Amino acid sequence: MDLTANARLLGATLLLSSAGYALPAWATDAKQLALEIESKVIQWRRDLHQHPELSNREFRTGKLIATHLRSLGLEVQTGVAHTGVVAMLHGGKPGPLIALRADMDALPVTEKVDLPFASKATDSYRGQSVGVMHACGHDTHVAMLMGVAENLVQLKDSLAGDVMFIFQPAEEGAPEGEEGGAELMLKEGLFAERKPQQVFGMHVTSSLPSGVIGVRAGPAMASEDSFTIEVTGRQTHGSRPWNGVDPIVASAQIINGVQTIISRQVDVTKAPAVVSFGAINGGIRSNIIPDKVELIGTIRSFDQQMRADIKLKLAEMSSLLAKSVGASATTEIHQGYPVLVNNPELVAQMKPVLASVVGDARLIEPGLITGAEDFAYYALEAPGMFFFLGVTPEGQDPKTAASNHSPEFYVDEAALRVGVEAMTKVAMTALGARP
């Protein structure tokens, strides 16, 4: 998951109180089972953390997951979207199908956390040798969902319906030239034979205290599109710019001009949006005006129509601004993840369930997150809910804690039990569990 820094600073407000919610008798079972399996979940997490694997390369991870799920007697399919694992649990009574998803991949980050199970792994990424670390917490997601699967198998007689467990590779993005992630799983027919009526996901975050749960109805995480703009001029000596066309000046015009797309051309009262440039490549000497400059950046938005409009305006404005100084510009948009939208009715149904795990005061509504998540693809296919679990230890300020994707990202493992209990109860509620 790509979490931008400003997401950590967005405020959070208490959700509507769940006072008066009658806790079902079976909820006690879910809490007890989460306690009983806690040590196993932590052990799995530490093993996964010590052996991280990059996107589309999660071979060991997938084997570990499949072995556990088969030991539970589940129907298991491997090799989905390269390394993904999908398992099916049939409840004791007829009913709908729901899906629970965890992502599996690590990041090209060299770990700096002093842990006895710290990652020492390395791999090749874009032609370079890199450290590999579960710097976004996907090791915890896998471990928690393995625990949830074991719990639900023990409770299956009370489930009126079936559960699809999705262990997904490449959430952080497939390697260049490859497909991967949620989009590829769906392309390969994940929901083709039987589409779930609801889909749930969970993500750990350092932006919340340990054990706090955050969930937001409606748009929750931004869409993500990257772009490359190639600005072409005519090379000349730096002392005689009039003999050529300067693509660096044209690029400066583009960088400044496209900021008006957000400030003046889209309705920011409807939803926020961001256009940012992340790289400028061009030129090799102080006295040579080059032929070309490459600009690279990202677009974030929370509305699909606004997303489309911004991409169109970016290409048009870049071309016109370059033309105004005699240059030309070609824009290529690399479409990324869509807006992650949590189904409002589903969130309303599950808020009391989450509150029963952590209490009203520790269930919050986070601000909009300009990071992106490919869980959004599942939520386009079926009503979805994606919630966050805080993992910053007590006594540490989440605002200053090392963020997801940092080499110093740290997980308070006490939060994992909370995540297991929460997802177990969500699944049981969705399938009408009864004592």
Side-chain angles (χ1 to χ4, degrees), residues 1-5 43-66 78-85 102-143 167-185 203-206 224 226-228 276-284 294-298 332 334 336-337 371-374 391 401-411:
M1 178 186 66
D2 172 22
L3 286 175
T4 53
Q43 182 180 354
W44 289 326
R45 183 261 166 164
R46 292 182 178 183
D47 178 74
L48 291 163
H49 190 85
Q50 200 165 19
H51 300 93
E53 296 171 299
L54 294 175
S55 302
N56 280 358
R57 306 291 184 268
E58 307 93 334
F59 301 108
R60 181 186 183 276
T61 304
K63 184 177 180 180
L64 179 101
I65 294 166
T78 60
V80 184
H82 303 298
T83 57
V85 180
D103 38 11
M104 305 158 55
D105 52 330
L107 286 160
V109 172
T110 301
E111 182 156 15
K112 294 183 179 179
V113 185
D114 184 15
L115 295 170
F117 53 91
S119 170
K120 307 298 182 186
T122 61
D123 205 337
S124 177
Y125 183 74
R126 293 183 175 175
Q128 298 185 35
S129 179
V130 295
V132 183
M133 175 191 175
H134 271 295
C136 202
H138 296 184
D139 53 338
T140 69
H141 302 166
V142 171
F167 291 86
Q168 178 210 301
E171 188 280 326
E172 299 290 354
E176 291 182 7
E178 299 182 20
E179 294 181 278
E183 189 174 22
L184 182 58
M185 293 191 97
H203 205 296
V204 297
T205 176
S206 65
E224 178 274 325
S226 61
F227 61 84
T228 302
S276 295
F277 288 85
I280 307 171
N281 302 309
I284 56 172
E294 181 187 62
L295 307 176
I296 300 173
T298 187
E332 183 178 358
H334 314 283
Y337 301 161
E373 236 285 355
D374 75 351
V391 292
S403 66
N404 295 59
H405 287 217
S406 163
E408 298 178 340
F409 175 69
Y410 179 81
V411 170

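On a predicted model such as this, the values are computed, not experimentally measured, just so you know.
Between the side chains of Glu111 and His49, at least one donor N or O sits under 3.5 Å from an acceptor N or O.
Distance CE/Met104 to NE2/His134: 9.0 Å, rounded to 0.5 Å. Atom CZ of Phe167 and atom OG1 of Thr61 lie 11.0 Å apart (nearest 0.5 Å). Taken from OG1 in Thr205 to CG in Asn404, the straight-line distance is 5.0 Å, to the nearest 0.5 Å. Note: Gln50 CD to Phe117 CZ = 8.5 Å, rounded to the nearest 0.5 Å. With rounding to the nearest 0.5 angstrom, the CD atom of Gln168 is 9.5 Å from the OG1 atom of Thr83. Distance check: Trp44 CH2 to Ile65 CD1 gives 11.0 Å after rounding to the nearest 0.5 Å.
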Quiz item: Should Glu53 and Arg60 be marked as a salt bridge (Lys or Arg N to Asp or Glu O under 4.0 Å) after you check the CA-CA gap, both sets of side-chain angles, and the distance that decides it?
Solution: CA-CA 8 Å; Glu53 296 171 299; Arg60 181 186 183 276; over 6 Å; no

Quiz item: Going through the distances and angles, do Leu115 and Tyr410 end up as a side chain to side chain contact (heavy atoms under 4.5 Å, CB included)?
Solution: CA-CA 10 Å; Leu115 295 170; Tyr410 179 81; 3.8 Å; yes

Quiz item: What do the steps show when you test Leu107 against His405 for side chain to side chain contact (heavy atoms under 4.5 Å, CB included), and what is the final call?
Solution: CA-CA 7 Å; Leu107 286 160; His405 287 217; 3.5 Å; yes

Quiz item: After noting the C-alpha distance and the side-chain angles of His203 and Cys136, does the key distance pass the side chain to side chain contact (heavy atoms under 4.5 Å, CB included) rule?
Solution: CA-CA 9 Å; His203 205 296; Cys136 202; 3.5 Å; yes

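Phe409 has its side chain within reach of Val391: a pair of non-hydrogen atoms, C-beta onward, lies under 4.5 Å apart. Val109 is listed as a side-chain neighbour of Pro407, based on a closest heavy-atom distance under 4.5 Å. Annotation: side chain of Ile296 is not in contact with side chain of Ser226 (no heavy-atom distance under 4.5 Å).
Among all heavy-atom pairs drawn from Val132 and Ala106, the shortest one is CG1-CB, 3.8 Å. The two residues Pro169 and Ala81 come nearest to each other via the heavy atoms CG-O, 3.4 Å. Residues Glu408 and Ala402 share a closest heavy-atom pair of O-CB, 3.4 Å. Residues Gly180 and Asn56 approach most closely at CA-OD1, 4.0 Å, considering heavy atoms. Ala401 and Ser206 get closest at one heavy-atom pair: CB-O, 4.2 Å.
Put simply, the side chain of Tyr337 gets close to the backbone of Glu171: a donor and an acceptor are under 3.5 Å apart. No side-chain donor-acceptor contact under 3.5 Å links Asp139 to the backbone of Leu48. In this structure, Thr298 contributes its side chain and Ser276 its backbone to no donor-acceptor pair below 3.5 Å.
When the options Glu332, His334, Glu294 are evaluated for a side-chain hydrogen bond (donor to acceptor under 3.5 Å, both in side chains) with Thr228, the one that passes is His334. A side chain to side chain contact (heavy atoms under 4.5 Å, CB included) with Glu58 is found for exactly one of Leu64, Asp105, Val142, namely Asp105.
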